[in-house]
Protein chains: 4
Amino acid sequence: MAEDTRGKILKSAVQLFSKNNYHVVSMSEIAEGAGISKGTLYWHFDSKEDLFREITINGMNYFNNQFKKIVQTDQNSNEKIHHLIKFVLNTLVEHLNMIDVFRNNVELISNEFKDTIEAKHKENIDVVAEIIKQGIDEGIIKNENPVDISTMLLSVLFTPQTKELLDHAQVEKKINFIYDFIMNGISRKEN
Amino acid sequence: MAEDTRGKILKSAVQLFSKNNYHVVSMSEIAEGAGISKGTLYWHFDSKEDLFREITINGMNYFNNQFKKIVQTDQNSNEKIHHLIKFVLNTLVEHLNMIDVFRNNVELISNEFKDTIEAKHKENIDVVAEIIKQGIDEGIIKNENPVDISTMLLSVLFTPQTKELLDHAQVEKKINFIYDFIMNGISRKEN
Amino acid sequence: MAEDTRGKILKSAVQLFSKNNYHVVSMSEIAEGAGISKGTLYWHFDSKEDLFREITINGMNYFNNQFKKIVQTDQNSNEKIHHLIKFVLNTLVEHLNMIDVFRNNVELISNEFKDTIEAKHKENIDVVAEIIKQGIDEGIIKNENPVDISTMLLSVLFTPQTKELLDHAQVEKKINFIYDFIMNGISRKEN
Amino acid sequence: MAEDTRGKILKSAVQLFSKNNYHVVSMSEIAEGAGISKGTLYWHFDSKEDLFREITINGMNYFNNQFKKIVQTDQNSNEKIHHLIKFVLNTLVEHLNMIDVFRNNVELISNEFKDTIEAKHKENIDVVAEIIKQGIDEGIIKNENPVDISTMLLSVLFTPQTKELLDHAQVEKKINFIYDFIMNGISRKEN
DNA sequence: TATGAATGAGATTTCATTCAT
DNA sequence: GATGAATGAAATCTCATTCAT
C-alpha cells in the first residue's frame, strides 16, 4: 500500500517535470496528479527538492546500470557502440518523459545538487570511455583522449535535436544515420 | 540616459538569466543588478517575459546574421565549416552568458514564444544547410539530407558538453578536436 | 473550523466593501479584519473577484427569495406592497452594510459579472411586477406597463436617499412616507 | 493655448471617469486620452483627486445653477416641476457621461471630499424644496416636509433605473411617465 | 509649458511547507 | 498513513507622483 502511494507520486511527478520546468510544477499539481493530498505528499517526501532528487538520480542510475552492462558483454567495441546508441535512442523513444526531466531542469535547485548530477554524468562518461579505450586497442577508434571522445559521443546522443530527429519516425533509419555520423562524421569517404 | 538605462537592464538580465533559470531570476534582482528601481524596470519593459523575449531574440539574431555572412563569403565549404565552428566556439568563450540564456530557458514561457524561438533555430539550420549543400556539390561532404546534417552539426556545437570542453582552456586545440569529430567522427582512419 | 473561517472572511469583506470601493479594499485588510493570513484567505477564495462575487450574489439571492415569498402569500396587492416596502426598508436598517456593497461597487469587475448582477436585478423586477399585475387586476394600481412600474418602485426603495432618510430614525414614520410617495406621489389629493 | 490643454484634460477625464470607476482610471490613461504627457497633466492639476474634484464640482454647480434659474422663473409650481424633470432627463440623455461620473464614484476619495459633495447635493435639495414650498402654498402639493419631498423627487430623477428607462428611446413618453409617477404615484385614480 | 524617465509604496497572487486531527 | 487548513515569504506588476531638462 505504502509503495503504491509512493509510486503514484513518482509517476505524477515524472510526468509533470518532463513537460514543465521544475519551478513551474507545483507540489499541489503533483499531489493532484497522484490523487492524494498535499499532506500525504509531504509525508512521503521531505521537500520538493527531495522528490526531484529521487527522480533524477533514479533516471541517471538507470542509464549508468545499462551502460555498465553493455561494457561487460564480450562484444567488440564496434558492436558495443552500436548497442549503446540503440539503447539510448530506444529509451528516448519509449521513455521520452524521463529524459526530458533532465533537459528541462538542468542547473536548477542548489549547487550541491548540480554537483551530484554532474558527478553522475561524469560516471556515465567514464563508463563509456571504457568502450572507447577498447576500440582504440582494437584499432577501430582513433587514438585520442577516450574521455573527450566519450563526452562528444554522449553529448550527441542526448542532444535535443536527436530527439527531434526521432520524432519524425523511422527510428531504425535514424539510428543508422546517427551511428554513421558518430563513427565517420560528415565528410565524404573515398573508397 | 534612457538608452543607458535600457542597456544596464539588459546587461543585468543577461547575466542573471545565464546563471539561473527564468523562474528563479526575479525582477527585483534584475533591477538591483542594474542599479535602478523596479518601477524603472517596468517603465522600460512591459513584463518579465517581454524582457526575456528581447534578450533571446537578440541573441538568436546575432547568430543568424553571422551565419549568413559566412555563407556569403567566397570560401570553399571546408573553409566555411571551419569558420563556422571557430565563430561559434569563440562566441561560446567570449559570451558564455548569452548562450546560457538559451540553455537554461528552453521550453519556458508561452507556447507561442517557444514557436518563435524554434522558428529562429530552424532558420539557422537552413542557413547552415546551404554550406552543407555546397560541400556535397564540391564532393567534400557525403551526399545525405543537408538539413539533417546541418541539424547534427549545430547540435554538436551548442551541446552543453562543448562548453565544458572549452572551460578547460586550450580553445584552439579543442576547436580542432571538434572539427575533426564533426568531419570524420570517432573511427580510426587508415592511411 | 473551516466554515468558521469562511464566515469570518465573509463578514470582514462585507464590512469593508460596504464602507469602501472594491478597489480601495485590499485583500490584506480583509485578511486582517478576519484575523487570518493572506494565504488562508486565498485558500478559501480563488481571488478577490471570487470573494466579491459570492457576497454580491448571496445578497441578491436574499432579496430575491424574500420577494418571492411575499408574492406567494394570499394578501391583496395593497398589503403585499406595504409588506415589500417594510421588508426592504427594515433590511436597509438592519443590514446597511450588505446593501452598500452593491451601491459602492456596481459597474466594477468584469462585464460578464455586471451582466450576472443585472440579470439578478431583472429577476427581482419581474418578481415584483407580479404584485403590480395583481394590483392592476384588483383595480388598485393604474393600468400601465407592470415592469416599468416595478422598476420605479424598486429604484425608489434602493435609492441612496432612502437610506439617508432612514438614518435619521423614526423608521415607522418614514416607511409610511415612502409608501405614500409610491402610491400617491407628491400631489395634493382633494377629498 | 493653456486653456486648450486644460480643456483637453477635462474632456478626457470626464469621458474615462464616466465609464470606469475612479480607481480604475489611471492618470496615464487620462494623459493619453488628452494627447499629452503625464508631466503636463501634473502641471495643470496637482493630483488625481484635484482633477476629479474639479470635474465633480463643475457638474454639481451646473445642476445647481439650472435649478436656481428654474426657481426664479414666474411659472407656477406645476410648470416648474415639469420643467425640472424635463431638464434633468434631457441632460441625462445629452450628457450621460457627466452624470455617470457621480454614479460611478460616490463614496470615493477622502471623507472630506464626500462631505463637500454631499453639501452640494444638499444645496440642490434645498433649491428644489423652494419649488415644493411654492406648490404647497398653491395647494398643488401635499403639505408635508418640503425637504423630504424634494429629496425623494431628486432621488427618483437620479436613480440608475431612470437612465435605463431612457436608454430605450421615446424620451418624451418616459418623461410623462416619470412625471406622472412623481405626481400621482402608482395607485389608480378614480374620476 | 511640456516631457520622458524614474521612483517606491503597495496590490494581488502563488506556493513550499507545517501541523492538528 | 492521510488530510484539510493555515501560514508567510516572495514574486510580478501598477500607479500616483516627482523632477531634471
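Labels below follow one simple rule: chain letters A, B, ... track the order of the sequence lines, proteins then strands, and each chain is numbered from 1. Keep in mind it's a predicted model, so treat the numbers as computed, not measured.
- Remark: Ile36(A), Ser37(A) in residues 30-37 of chain A come within less than 4.0 Å of DNA chain F through at least one heavy atom.
- Atom CG of Asp50(C) and atom C1' of dT12(E) are 14 Å apart (whole Å).
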Can you give one letter per nucleotide of nucleotides 12-21 of chain F, going 5' to 3': B for a protein heavy atom under 4.0 Å from the base, S for sugar-phosphate only, - for none?
-> BBB-SBB---
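- In the displayed structure, Glu29(B) atom CD is contacted under 6.0 Å by more than 12 heavy atoms of other residues, nucleotides or ligands.
- For DNA chain E, runs of at least 3 consecutive pairs of the Watson-Crick or G-U wobble type, with both hydrogen-bonding distances under 3.5 angstrom, map to E:2-21 with F:2-21.
- Between Phe17(D) and Phe52(D), the ring planes are perpendicular. Angles over 60° get that label, and only those under 30° would be called parallel.
- Summarising the local packing, CD of Glu54(B) is surrounded by more than 12 heavy atoms from other residues, nucleotides or ligands at distances under 6.0 Å.
- Between Tyr22(A) and His23(B) there is no side-chain heavy-atom pair separated by less than 4.5 Å.
- Between His44(D) and dA2(E) there is a side-chain N or O to OP1 or OP2 distance below 4.0 Å.
- As rounded to whole Å, 12 Å separates atom P of dC15(E) from atom CG of Asn21(A).
- Distance Arg6(B) CZ to dG4(E) P: 16 Å, rounded to the nearest Å.
- For the pair Leu41(C) CG and dC15(E) P, the computed distance is 17 Å after rounding to whole Å.
- Computed from coordinates, the Trp43(B) CH2 to dT3(E) C1' distance equals 10 Å when rounded to whole Å.
- Taking the P atoms as reference points, dT21(F) lies 22 Å from dT1(E), given to the whole Å.
- Residues His44(C) and Leu51(C) are not in side-chain contact: their nearest non-hydrogen atoms beyond the backbone lie 4.5 Å or more apart.
- Phe45(C) has its CZ atom 15 Å from the C1' atom of dA6(F), to the nearest Å.
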